[in-house]
Asker: 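Structure provided below as structure tokens; questions to follow.
Atom set for the values below is all heavy atoms of this structure, side chains included, hydrogens, waters and symmetry mates excluded.
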Amino acid sequence: MPKIVSLSRKGFDSAFGGTSSPIIDNKVYSLPIPSSETKMFSQKYSKKYKDLKFDNLSGSEILKKLQKTPHHSKKLPGNEKRNEITPESLCHLDPDLDAGIYGAIGNASSQLKNFKQGDLLLFFGWFFDKDGEKKDIHHLFGWLQADYIIKGKEKIQSFCNKNNIVHPHVDEAFLNDKTNVLYVSKGDSSDGESLGYGKFENFHPELRLTHPLSKKRTIWQLNKSYFSELKSPWEIFKTYVKEESFTYKSSSKTNDPLIKDDKLAFKSPDIGQEIFMDGNHPKVDEWVRYLIKTYGTQIERKNYTL
């Protein structure tokens, strides 16, 4: 059982990529941020958008579809950045949910300093529906249980060399930073307890974090099927990095008249990558396992060599 479950924000946003990732024909496509927005310098560790594979579409096909949507027109704030991205542009593919690896550095890794082996990352991002039905929401797109936490230049290099892994955080610009960390899942769920790693490929209301009645994506609602007995979200959130992590407070409630009396509604942070839930809470564990079993596409692979 994970002791910490982190809701981890990843993919396109207003600062990195310029806008949201798309939902196309009910499928969720989390677009990795451009390499130009990171410390990445070596093309060896970056993929081109055209080389990305998202189930039934390539990165090129997704970018082409986005050019035809009003949401990505040049008239909207931030979309100038998005329209600079072409199929030939390099991207920072992290997390890599085909390999079960996530890299963190700087503030991102400091937020995860209390993560231990077995703790869980639930990845979410900002999405919009190409056809206009599910605009401007936060939605889960994947998960990774950290079976191995690898720190230090030599250990990271050794692990990647032994397993023929090409990952952005193996670039020298990252390796020489002492805060660089790899979180790796072995993908073994045969014991019924391990959660492995995988993707939430389709939109579903139970994977949407944004409150269904809210016009703001940062107003969330806990799943009523699992958390209806709670007095407030405070019961399942924990603070591990006080200055940088989300702390539920009464001020986290929303003033939206449609949902202000919803005890499971709250204001999520505008800034910050990790929002920690108490994995020891039985309802959190039940909720996570239910989502993965019901909506997840789990990826199996052999154990990595350490």
Asker: Enter the distance from Leu97:CG to Lys10:NZ here, rounded to the nearest 0.5 Å.
Answerer: 11.0 Å
Asker: Between Gly279 and Asp285, what is the shortest heavy-atom contact and its length?
Answerer: O-CB, 4.2 Å
Asker: Could you check whether any side-chain heavy atom of Tyr295 comes within less than 4.5 Å of a side-chain heavy atom of Asn202, counting everything from C-beta outward?
Answerer: no
Asker: What I want to check is whether the side chains of Asn161 and Gln157 have a donor and an acceptor closer together than 3.5 Å.
Answerer: no
Asker: State the CG-CZ distance between Leu120 and Arg289, to the nearest 0.5 angstrom.
Answerer: 9.0 Å
Asker: Determine yes or no for a side-chain-to-main-chain donor-acceptor pair under 3.5 angstrom, with Ser110 supplying the side chain and Asn107 the backbone.
Answerer: yes
Asker: For a 4.5 angstrom cut-off between non-hydrogen side-chain atoms, does Trp220 reach Ile275?
Answerer: yes
Asker: Do Ile24 and Phe54 make a side-chain contact, defined as non-hydrogen atoms from C-beta onward lying under 4.5 Å apart?
Answerer: no
Asker: Going from CG on Asn180 to CZ on Phe174, what distance comes out if it is rounded to the nearest 0.5 angstrom?
Answerer: 7.5 Å
Asker: Under 4.5 Å between any side-chain heavy atoms of His138 and Leu7, yes or no?
Answerer: no
Asker: Considering all heavy atoms of both residues, which atom of Leu195 and which atom of Pro2 are nearest to each other, and what is their separation?
Answerer: CD1-CG, 3.9 Å
Asker: Would Lys224 and Glu206 pass as an ion pair if we require N to O under 4.0 Å?
Answerer: no
Asker: Calculate, to the nearest 0.5 Å, the distance between atoms CD and CZ belonging to Glu201 and Phe141 respectively.
Answerer: 12.5 Å
Asker: Can you tell me if Asp119 uses its side chain to pair, donor with acceptor, with the backbone of Lys3 under 3.5 Å?
Answerer: yes
Asker: Checking His281 now: which residues fulfil ring pair (Phe, Tyr, Trp, His ring centres under 6.0 Å) with it, not counting sequence neighbours?
Answerer: none
Asker: Apply salt bridge (Lys or Arg N to Asp or Glu O under 4.0 Å) to the pair Lys263 and Glu229, showing each step before the final yes or no.
Answerer: CA-CA 10 Å; Lys263 65 179 182 178; Glu229 297 178 2; over 6 Å; no
Asker: Parallel, tilted or perpendicular, judged at 30° and 60°: which one describes the rings of Phe159 and Tyr304?
Answerer: perpendicular
Asker: Provide the closest heavy-atom pair for Val284 versus Phe227 in the form atom of the first, atom of the second, distance.
Answerer: N-CE2, 4.0 Å
Asker: Is there a donor-acceptor contact under 3.5 Å from the side chain of Asp177 to the main chain of Thr179?
Answerer: yes
Asker: Please check if the number of heavy atoms outside Lys216 that lie under 6.0 Å from its NZ is greater than 12.
Answerer: no
Asker: Would you say the side chain of Val181 lies within less than 4.5 Å of the side chain of Leu112, judging by non-hydrogen atoms?
Answerer: no
Asker: Heavy-atom distance under 4.5 Å between the side chains of Val170 and Leu175, does that happen here?
Answerer: yes
Asker: Return the set of residues passing ring pair (Phe, Tyr, Trp, His ring centres under 6.0 Å) with Phe200 (not counting sequence neighbours), or none when no residue passes.
Answerer: Trp143
Asker: Rounded to the nearest 0.5 Å, what separates atom OH in Tyr148 from atom CG in Leu306?
Answerer: 5.0 Å
Asker: If a pair satisfies salt bridge (charged side-chain N to carboxylate O under 4.0 Å, His left out) and one of its residues is in residues 86-109, list it, with sequence neighbours excluded.
Answerer: Lys48-Glu88, Lys50-Glu88, Asp98-Lys199
Asker: Would you please indicate yes or no on a ring centroid separation below 6.0 angstrom for Phe266 and Phe237?
Answerer: yes
Asker: Using every non-hydrogen atom in the two residues, find where Gly11 and Ser30 come nearest and quote the distance to one decimal.
Answerer: CA-OG, 4.1 Å
Asker: Would you say Phe12 and Ser20 make side-chain contact, with heavy atoms under 4.5 Å?
Answerer: no
Asker: Check whether any side-chain N or O of Ser268 sits under 3.5 Å from a backbone N or O of Thr218 as a donor-acceptor pair, and report yes or no.
Answerer: yes
Asker: Do His169 and His92 have their ring centres less than 6.0 Å from each other?
Answerer: yes
Asker: Give, for atom CG of Leu93 and atom OH of Tyr49, the distance between the pair rounded to the nearest 0.5 Å.
Answerer: 9.5 Å
Asker: Check Gln111, Gln273, Glu274 against Ser6 for a side chain to side chain donor-acceptor pair (under 3.5 Å) and give me the one that passes.
Answerer: Glu274
Asker: Look at the side chain of Asn223 and the backbone N and O of Ser225, then say whether any donor-acceptor pair between them is shorter than 3.5 Å.
Answerer: yes
Asker: So Phe123 and Tyr102, would you call those rings parallel, tilted or perpendicular, with 30° and 60° as cut-offs?
Answerer: perpendicular
Asker: Please check: side-chain N/O of Thr294 versus main-chain N/O of Tyr290, any donor-acceptor pairing under 3.5 Å?
Answerer: yes
Asker: Please find the pair of heavy atoms, one from Cys91 and one from Pro32, that lie closest to each other, and give the distance.
Answerer: SG-CG, 3.8 Å
Asker: Considering all heavy atoms of both residues, which atom of Pro34 and which atom of Ile85 are nearest to each other, and what is their separation?
Answerer: CG-CD1, 3.6 Å
Asker: Give me the one residue out of Phe124, Trp126, Tyr29, Phe203 that meets ring pair (Phe, Tyr, Trp, His ring centres under 6.0 Å) with His139.
Answerer: Phe203
Asker: Using a strict 4.0 Å threshold on nitrogen-to-oxygen distance, state whether Glu286 and Lys283 make a salt bridge.
Answerer: yes
